[in-house]
2 protein chains.
Amino acid sequence: MAIHVEMLPSRRQAQGHSRRNVGILVQIPLGIKQIFQGHLYSPYQLRLHARIQPDGSAHEKKQIVQSNNYRKMYEENGARHSQLDWPNRLNRCLYVLMREFHYYLLTYCDLILAPEDQERFFMQDVRALVFDVFGTVVDWRNGVARQAANFLAKNDVPMEPTEFADAWRRRYQPAMEAVRSGQRPFVRLDILHRENLEAVLTEAGVDVAAIDPQELAELNLAWHRLDPWPDVLSGLARLKDRFIIAPLSNGNIILMLDMARRAGIPWHTILGAEVVQAYKPAPAAYLRTVDLLAMRPEQVCMVAAHNNDLAAARACGLKTTFVLRPTEHGASQTTDLHPEQDWEVTVDSFEALADALGA
Amino acid sequence: MAIHVEMLPSRRQAQGHSRRNVGILVQIPLGIKQIFQGHLYSPYQLRLHARIQPDGSAHEKKQIVQSNNYRKMYEENGARHSQLDWPNRLNRCLYVLMREFHYYLLTYCDLILAPEDQERFFMQDVRALVFDVFGTVVDWRNGVARQAANFLAKNDVPMEPTEFADAWRRRYQPAMEAVRSGQRPFVRLDILHRENLEAVLTEAGVDVAAIDPQELAELNLAWHRLDPWPDVLSGLARLKDRFIIAPLSNGNIILMLDMARRAGIPWHTILGAEVVQAYKPAPAAYLRTVDLLAMRPEQVCMVAAHNNDLAAARACGLKTTFVLRPTEHGASQTTDLHPEQDWEVTVDSFEALADALGA
């Protein structure tokens, strides 16, 4: 994958050094700032040398980290080792370095990323984009409300359609928590949705037993027939050539399949909770997915409109993209209106994500 | 789904009966032939009445099977009940009836399928086509041979490329059998392929330890880069609109994904051994896949070039399509040159399958 870089002459280059150096700053826990310099042979062949910069002056130190060693650590210790958080720390620090330590870059490094290329640099190892779906890809609230309207009127349920959608959705996390906590074995989301539907109706004073089961089953399929946000199909069409694109949703396989076929969402495959038998944000949901893809965590990017999903993905070593969906919960939404960490990419549409990744 | 039928006037119709009757013959174990007559309201509303025909004369008997009851049995007893083999028996008998008992059809039935519509009738409930891949979708033998040629020459392996491909493939079933029998836990096919590769090379007198591990890893990916048979892409493009299409292969997820992206195979999703953690022809491989699709077994059709795969799928209640691939094992192939049971559909290409299903 080509990275666009802005080449600046460095002091080393002026002195006749021919190899390209890339500068990366690492903020270690003790507060000592280190500049690593390395030879960028390939994304996996970044050999790092450290220069300690406690007072702003640079002096040579022994080689601390070799990306080859780092890679070996992964292979020997498995995906859990990703929680060492090295890739994220490197990314964050490179960003800080570029903003605040431009002098050292000019002095010691040959390769400096232009600001507009940072996202592509952070994402250069990424081979798969995995997407949260409810809220990120599709507008569940209006979709459920639209499909519930007739049912609510016919059965005298005393709720507005969007109020009903919100009430149904409010039971989503608690229902999955029973699985995540081990209280009950894994069951697919269609089953949780059905249980939650009956609970919401009962709470609203409706006698569920008096309703035609076929009608309940039909309403439960509302989640299979949600519409994507307007930017989704065009954005995914562009991203699909360069990346493996797949949902990493808590929705089950046939739910995702029905939705994709109805709306024309061009997934390469359906991944997610049912495939790995674990609900997000449990680490297993991310780590097992990475394992199925036979990739390292930093080769997979989680795309979501929810900061907590991204935080859990980052803790597992995945890259992260925040997509702003300011009306997922309606016009008066108060959550997830801003990125709460410096996610590798922050955008307001899938089109903008394709732009950011040069797809 | 519309079924094209050839309408013939029946005696009942001539007598003023207005409902349409469909005739289905069931050959029961005792050798007594029964004609079931029914009212075909919809694919799931075939209400059957029996007429015993031990001597060729028809006399009324009580209603034996209602498809509604049959459906309920499924829902109450789960997928295993599919092994009752009702759908297949009905299919086979309808076929026999049409050939041998035309008189009874003309007498008692209003709806008779034209021969060219039989396959569509047998497949009318099918919503998903799941495909065997190695041999059925892709030509693994020439693909592996092509990619191994340089490696074999460079490392002085004393084998022809196709001989090498055959030897590698011969270890495929025994390796999976260790998993199927419970000797070892499920491991993905990429790992079995790698073990088998080293075993084949060792057997050929090659010192595997002396070969660059990167080169072995690369050769192992040959299975990710196989070409489809010439009819596959055009056939799947036609089938994709009407059916969910997915591989149900023993190949693992990333193997199938890499292959599909390289060759442009338009799967809706990747299913198969790794998703359900079971290798075909173990019943769990088929039954868990049906469960993930939230369908009844007869709504899923296994498409394969191998009779044993289809026999295992049929035993689980799935519909079956045999695709003749007479050169999978080279010009002198001796196996799977004929359908060994009356599979619902038998074709020699994916194009012909699309024709047969009216896609």
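Chain letters run A, B, ... following the sequence lines, proteins first, then strands; residues in each count from 1.
- Judged as a side chain to side chain donor-acceptor pair (under 3.5 Å), and not counting sequence neighbours, the contacts of His224(B) are Asp190(B), Asp258(B).
- At a 4.5 Å heavy-atom cutoff, the contact between Ala294(B) and chain A is made by backbone and side-chain atoms alike.
- Separating the CG atom in Asn252(B) from the CG atom in Leu292(A) is a distance of 9.0 Å, to the nearest 0.5 Å.
- Heavy atoms of Ile270(B) lying under 4.5 Å from chain A belong to its backbone as well as its side chain.
- For Met295(B), the part lying near chain A is the side chain, with the backbone staying farther off; criterion is any non-hydrogen pair under 4.5 Å.
- Closest non-hydrogen pair, Ile253(A) versus Val275(B), comes out as CD1-CG1, 4.3 Å.
- Using a 4.0 Å cut-off between a side-chain N of Lys or Arg and a carboxylate O of Asp or Glu, Arg188(B) and Asp291(A) qualify as a salt bridge.
- Pairs of residues two or more places apart, or lying in two chains, that qualify as ring-ring contact (aromatic ring centres under 6.0 Å, His included) and include a residue from residues 268-303 of chain A are Phe186(A)-Tyr279(A).
- The candidate with the highest count of non-hydrogen atom pairs below 4.5 Å against chain A, out of Lys240(B), Met256(B), Arg261(B), is Arg261(B).
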